[in-house]
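The figures that follow rest on heavy atoms only: side chains count, while hydrogens, waters and symmetry mates do not.
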Amino acid sequence: QVQLVESGGGLVQAGGSLRLSCAASRNIFSSYAMGWYRQVPDKQRELVASVTRGGAIMYATFAKGRFTISRDNAEKTVYLQMNSMKPVITGTYYCNAYPPWPENWGQGTRVTVTS
């Protein structure tokens with residue numbers, strides 16, 4: 001079992017930037033791919049970006065050219081840099097393994113972009 005704690009969300013204006021952080025209680029990055037997910041009310045949680053243990057990266061279409069996923073294995077942290085933000089980015093963001101482990105979902109961090 002691993003504890004994942006998301007942080008860095010907030011209320012920002014369109015065009016601004018945020019960096020989300022996901023701190024793990026132990027280093028699992030050598031064994032599992034990691035992902036950032038987003039959830040909006042009454043919709044399924046969706047994968048936003050992922051990075052495999054070997055470093056392969058993928059992004060959802062809406063995140064391409066806007067988000068950057070990265071990790072720091074020594075600090076047991078995975079990041080999501082969000083630039084040129086627009087209201088469509090709004091949602092609650094979670095980190096987890098990819099594919100996700102149901103028991104590892106945390107509270108997430110809220111991201112709200114205003115016009």
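A donor-acceptor contact shorter than 3.5 Å is absent between the side chain of Gln39 and the backbone of Gln44. With hydrogens and angles ignored, the 3.5 Å screen pairs no side-chain donor or acceptor of Ser31 with any backbone N or O of Phe29. Between the Thr90 side chain and the Pro87 main chain, a donor and an acceptor come within less than 3.5 Å of each other. Judged by distance alone, the side chain of Arg26 and the main-chain N or O of Gln1 form a donor-acceptor pair under 3.5 Å. Using a distance-only test at 3.5 Å, with no hydrogens or angles considered, a donor-acceptor pair links the side chain of Tyr59 to the main chain of Ile69.
Cluster annotation: Leu18 and Val40 are assigned to distinct hydrophobic clusters (Ile/Leu/Val/Met/Phe/Trp/Tyr, side-chain heavy-atom contacts under 4.5 Å, transitive). Val78 is not connected to Tyr94 by any chain of hydrophobic side-chain contacts under 4.5 Å among Ile, Leu, Val, Met, Phe, Trp and Tyr, and they are in different clusters.
Residues forming a side chain to side chain contact (heavy atoms under 4.5 Å, CB included) with Asn83 (at least two apart in sequence, or on another chain): Ser17, Gln81.
Between Trp36 and Asn96 there is no side-chain heavy-atom pair separated by less than 4.5 Å. Contact check for Leu47 versus Arg38: no side-chain heavy atoms found under the 4.5 Å cut-off. When side chains are defined from C-beta on, Arg71 counts as touching Val51, because their heavy atoms get closer than 4.5 Å. Within the 4.5 Å cutoff, side-chain heavy atoms of Leu20 are placed close to those of Met82. With contacts defined as side-chain heavy-atom distances shorter than 4.5 Å, the pair Tyr37/Glu46 does not qualify.
Ring geometry for Tyr93 against Phe67 counts as perpendicular: the plane angle is over 60°, on a 0 to 90° scale with 30° as the lower cut.
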Review point. Can you check side-chain contact (heavy atoms from CB on, under 4.5 Å) on Phe62 and Val48, steps first, answer last?
Key: CA-CA 8 Å; Phe62 82 91; Val48 174; 4.0 Å; yes

Exercise for review: Under the side-chain contact (heavy atoms from CB on, under 4.5 Å) rule, what do Met85 and Gln13 come out as? Steps first, then yes or no, please.
Suggested key: CA-CA 8 Å; Met85 301 179 72; Gln13 298 180 36; over 6 Å; no

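Separating the OG atom in Ser7 from the CZ atom in Arg19 is a distance of 9.0 Å, to the nearest 0.5 Å. Atoms CE and OG, on Met34 and Ser50 in that order, are 10.5 Å from each other to the nearest 0.5 Å. Within the model, atoms CG of Leu80 and SG of Cys95 stand 10.0 Å from one another, a figure rounded to the nearest 0.5 Å.
Around OH of Tyr98, the count of heavy atoms belonging to other residues, nucleotides or ligands within 6.0 Å does not exceed 12.
Here the closest heavy-atom approach between residue Val2 and residue Ser25 is recorded as CG2-OG, 3.4 Å.
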Anything under 3.5 Å between a donor and an acceptor, one on a side chain of residues 100-115, the other on a protein residue two or more places apart or in another chain? List them.
from: Thr109; atom 1: OG1; to: Gly9; atom 2: N; distance (Å): 2.9
from: Thr114; atom 1: OG1; to: Val12; atom 2: O; distance (Å): 3.4

